[in-house]
Amino acid sequence: VLSFVVSAPLQAAMTRPQPQHFTFLDLAGTLSWAIGYVFEHAGDLTLTAFKSNPANKGTVLAQGLWAFTRHPNYFGNAMMWWGIWLIA
């Protein structure tokens, strides 16, 4: 069941006629993917820098994107997948 749900956007894209021009959904998906990539990358970089500092041992990261959400890297990853779904 999970394989079907995960592959549903690809199946839909392969079985339906495709427009021959760049659509609004293509733009929305591309922007969503790009924003998600920035969130994931920035979250990972911030976490890596935080963990590499021995003075931060035993403390909670609450700077940068981590001040707004507990897991910006997961949020970014989800946005990237939603962007792919919008494009498909």
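Numbers for residues simply follow the sequence, beginning at 1.
Here the shortest heavy-atom pairing between A67 and A62 reads CB-O, 3.5 Å. Shortest non-hydrogen contact noted between M79 and S32 is O-OG, 3.0 Å. Considering all non-hydrogen atoms of both residues, G43 and P72 come closest at CA-CG, 4.0 Å. When all heavy atoms of A42 and L65 are compared, the closest pair comes out as CB-CD1, 3.8 Å. Taking every heavy atom of both residues into account, A49 and S52 meet most closely at O-OG, 2.9 Å.
Atom CH2 of W85 sits in a sparse spot, with 12 or fewer heavy atoms from other residues, nucleotides or ligands closer than 6.0 Å.
In the hydrophobic clustering, L2 connects to V6, either directly or through intervening members, whenever side-chain heavy atoms lie under 4.5 Å apart. Other members of the hydrophobic cluster containing L27, listed by chain and number, are F22, L31; membership follows side-chain contacts under 4.5 Å among ILVMFWY residues, whether direct or relayed. Residue F4 shares its hydrophobic cluster (ILVMFWY side chains chained together at separations under 4.5 Å) with no other residue. Counting side-chain heavy-atom gaps under 4.5 Å among Ile, Leu, Val, Met, Phe, Trp and Tyr, F68 is found in no cluster with other residues.
Within the 3.5 Å criterion, the main-chain N or O of G64 finds no donor-acceptor partner in the side chain of T46.
The side chain to side chain donor-acceptor pair (under 3.5 Å) test applied to T30 returns no partner, not counting sequence neighbours. Legend: residues meeting ring-ring contact (aromatic ring centres under 6.0 Å, His included) with W81, ordered by chain and number and at least two apart, are absent. D26 pairs by the side chain to side chain donor-acceptor pair (under 3.5 Å) definition with T23, not counting sequence neighbours.
Under the 4.5 Å side-chain criterion, counting only non-hydrogen atoms from C-beta, L61 is in contact with L47. No side-chain heavy atom of Y74 sits under 4.5 Å from any side-chain heavy atom of E40.
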Show your working on side chain to side chain contact (heavy atoms under 4.5 Å, CB included) between N73 and W66 and close with a plain yes or no.
CA-CA 9 Å; N73 48 348; W66 292 84; 3.9 Å; yes

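Note on residues 26-56: pairs passing ring-ring contact (aromatic ring centres under 6.0 Å, His included), not counting sequence neighbours, are W33-Y37, Y37-H41, F39-F75.
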